[in-house]
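Just so we're clear, the structure is a prediction, and the values are computed from it rather than from any experiment. These values consider heavy atoms only, across backbone and side chains, with no hydrogens, waters or symmetry-generated copies.
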Amino acid sequence: MAAFNLTPSDSSIFILAGIPGLEAAHVWMSVPFFTFYIISLLGNFTVLFVVGKEQTLHKPMYLLLCMLALTDIGMSTSVVPKALCIFWFNLRGITVGGCLTQMFFLHAISVMHSAVLVTMAFDRYIAICNPLRYATILTNTRIVQLGLVGLTRAVFFILPEPLFLSMLPFCANHIIPQTYCEHIAVAKLSCGDITVNRMYGLVIAFIIIGFDLTLITLSYGLIIRAVLRISYKKANLKALKNCTAHICVMLTSYTPILFSILTHRFGQGIPPHVHIILANLCFIVPPMLNPIIYGVKTKELRDKVGKYTWRR
């Protein structure tokens with residue numbers, strides 16, 4: 001019961017407020033959080049299980065899909081369990097170390113998730129624009145190497161965030177108006193100068209999102225140019241159909257993030273709880289939708305999932 005009596009004066013404890021302004025609805029808010037999380041876990045673990053069991057799916061495209069599933073599981077798990085503890089049991093306390101750890105893993109996994117989407121766009125580019133060399137350019141080993149590069153990039157860019165925060169002095173107010181430890185929300189609790197934290201967070205967001213979206217746009221620009229050069233209409237449609245799953249996943253991943261950033265930057269008249277809900281949806285909705293999208297749009301994967309789902 002001690003967790004219920006935590007106060008902001010506890011020097012080593014932060015208090016996650018949940019969704020301020022909607023405290024009375026926390027139990028109801030937990031329903032979509034819990035539902036989306038369970039669907040996300042079932043969908044992504046199903047993808048990992050099926051691809052792991054089926055030798056015919058041990059291909060670059062499906063290895064990338066497994067990487068996407070792992071990042072989806074990591075993102076949602078970094079946010080939802082703690083949010084449910086707040087909603088159901090009023091367990092709002094989190095140690096400073098626990099807060100910085102959660103922040104690091106959440107942001108690093110998000111950066112890794114973006115790197116996987118870039119690699120998937122490159123995969124589609126090679127498959128459509130240079131199909132004869134696809135098997136030699138994108139081997140399973142090459143995909144693993146690209147995954148390690150994405151992981152290294154995520155750690156390199158995100159690790160300074162908790163390190164900078166750990167050097168700041170914190171004021172008496174330890175209440176974070178969120179369901180999770182977000183970088184700037186934690187930095188605002190400090191009594192010191194957080195200019196470096198603000199600038200670093202802004203630059204990293206600009207570099208990562210800007211760079212990754214630029215590469216994805218370039219890949220699809222080249223894909224569209226190649227498709228338009230195909231004289232047969234059926235071939236055009238088949239080539240574009242091969243990209244629909246990835247395009248849908250990109251939209252579900254980047255649209256909530258960009259919308260949340262824009263509303264946070266320009267939507268001063270929007271209530272704070274709306275910003276918080278949008279921020280949470282960025283880490284909950286895409287992990288739920290991504291395995292569904294690939295399950296529906298990718299026939300080979302859909303057939304293999306059906307093999308394990310419907311067999312007696």
Other residues, nucleotides and ligands only: do more than 12 of their heavy atoms fall within 6.0 Å of CZ on F105?
no

What are the two closest non-hydrogen atoms of [X] and [Y], and how far apart are they?
{"X": "V186", "Y": "C181", "answer": "CG2-CB, 4.1 Å"}
{"X": "S110", "Y": "M75", "answer": "OG-SD, 3.6 Å"}
{"X": "L281", "Y": "P286", "answer": "O-CD, 3.3 Å"}
{"X": "R124", "Y": "M61", "answer": "NH2-SD, 4.0 Å"}
{"X": "N290", "Y": "V249", "answer": "OD1-CG1, 3.6 Å"}
{"X": "P60", "Y": "T139", "answer": "CG-C, 4.1 Å"}

Verify same cluster id: [X], [Y] (apolar side-chain graph, 4.5 Å):
{"X": "V149", "Y": "I204", "result": "no"}
{"X": "L146", "Y": "V144", "result": "no"}
{"X": "I207", "Y": "I158", "result": "no"}
{"X": "L48", "Y": "V296", "result": "yes"}
{"X": "L22", "Y": "F89", "result": "yes"}

Does the side chain of [Y] come within less than 4.5 Å of [X]'s, by heavy atoms?
{"X": "D212", "Y": "L117", "answer": "no"}
{"X": "S78", "Y": "F283", "answer": "no"}
{"X": "V196", "Y": "F164", "answer": "yes"}
{"X": "H183", "Y": "L165", "answer": "yes"}
{"X": "R198", "Y": "K188", "answer": "yes"}
{"X": "S190", "Y": "P169", "answer": "yes"}

Would you say the side-chain atoms of Y62 and E54 include a donor-acceptor pair closer than 3.5 Å?
no

Regarding Y125 and N130, do their side chains bring together a donor and an acceptor under 3.5 Å, going by distance alone?
no

Keeping the roles fixed (side chain from [X], backbone from [Y]), state whether a donor-acceptor pair exists under 3.5 Å.
{"X": "S40", "Y": "F36", "value": "no"}
{"X": "T119", "Y": "A115", "value": "yes"}
{"X": "T255", "Y": "T252", "value": "no"}
{"X": "S253", "Y": "M250", "value": "no"}
{"X": "H174", "Y": "I13", "value": "yes"}
{"X": "E161", "Y": "L159", "value": "no"}

Taking side chain to side chain contact (heavy atoms under 4.5 Å, CB included) as the criterion, tell me which of L16, I276, N280 meets it with Y180.
N280

Side chain to side chain contact (heavy atoms under 4.5 Å, CB included) with L68: which of L70, L64, D72?
D72

So, taking the atom named [atom1] in [X] and the one named [atom2] in [Y], what distance separates them when rounded to the nearest 0.5 Å?
{"X": "I86", "Y": "S30", "atom1": "CD1", "atom2": "OG", "answer": "12.0 Å"}
{"X": "L63", "Y": "H58", "atom1": "CG", "atom2": "NE2", "answer": "7.5 Å"}
{"X": "H113", "Y": "I109", "atom1": "NE2", "atom2": "CD1", "answer": "10.5 Å"}
{"X": "N140", "Y": "R142", "atom1": "CG", "atom2": "CZ", "answer": "11.5 Å"}
{"X": "D123", "Y": "I143", "atom1": "CG", "atom2": "CD1", "answer": "6.0 Å"}
{"X": "I184", "Y": "I176", "atom1": "CD1", "atom2": "CD1", "answer": "12.5 Å"}

Would you sort out whether T298 and L65 count as a side-chain contact (heavy atoms from CB on, under 4.5 Å), showing the intermediate values?
CA-CA 11 Å; T298 310; L65 194 53; 5.7 Å; no

List the steps, then state whether side-chain contact (heavy atoms from CB on, under 4.5 Å) holds for I284 with Y37.
CA-CA 7 Å; I284 298 173; Y37 183 55; 5.8 Å; no

In this structure, is the centre-to-centre distance between the rings of H246 and Y220 below 6.0 Å?
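Judged by ring-centre distance (under 6.0 Å), Y220 and H246 do meet the cut-off.
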
side-chain contact (heavy atoms from CB on, under 4.5 Å) for E300 and K59? Distances and angles first, verdict last.
CA-CA 12 Å; E300 190 174 10; K59 304 173 185 177; 3.2 Å; yes

Lys/Arg-Asp/Glu bridge criterion (N-O < 4.0 Å) met for K307, D303:
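Not counted as a salt bridge, because no side-chain N and carboxylate O are separated by less than 4.0 Å.
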
Output, in order, the C-alpha distance, side-chain angles, deciding distance and verdict of side-chain contact (heavy atoms from CB on, under 4.5 Å) for F259 and C282.
CA-CA 9 Å; F259 188 68; C282 294; over 6 Å; no

Any idea how H26 and F87 line up, ring-wise: parallel (<30°), tilted (30 to 60°), or perpendicular (>60°)?
tilted

Is the ring pair W88/F34 parallel, tilted or perpendicular, if the boundaries are 30 and 60 degrees?
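If you compare the ring of W88 with that of F34, the planes turn out tilted.
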
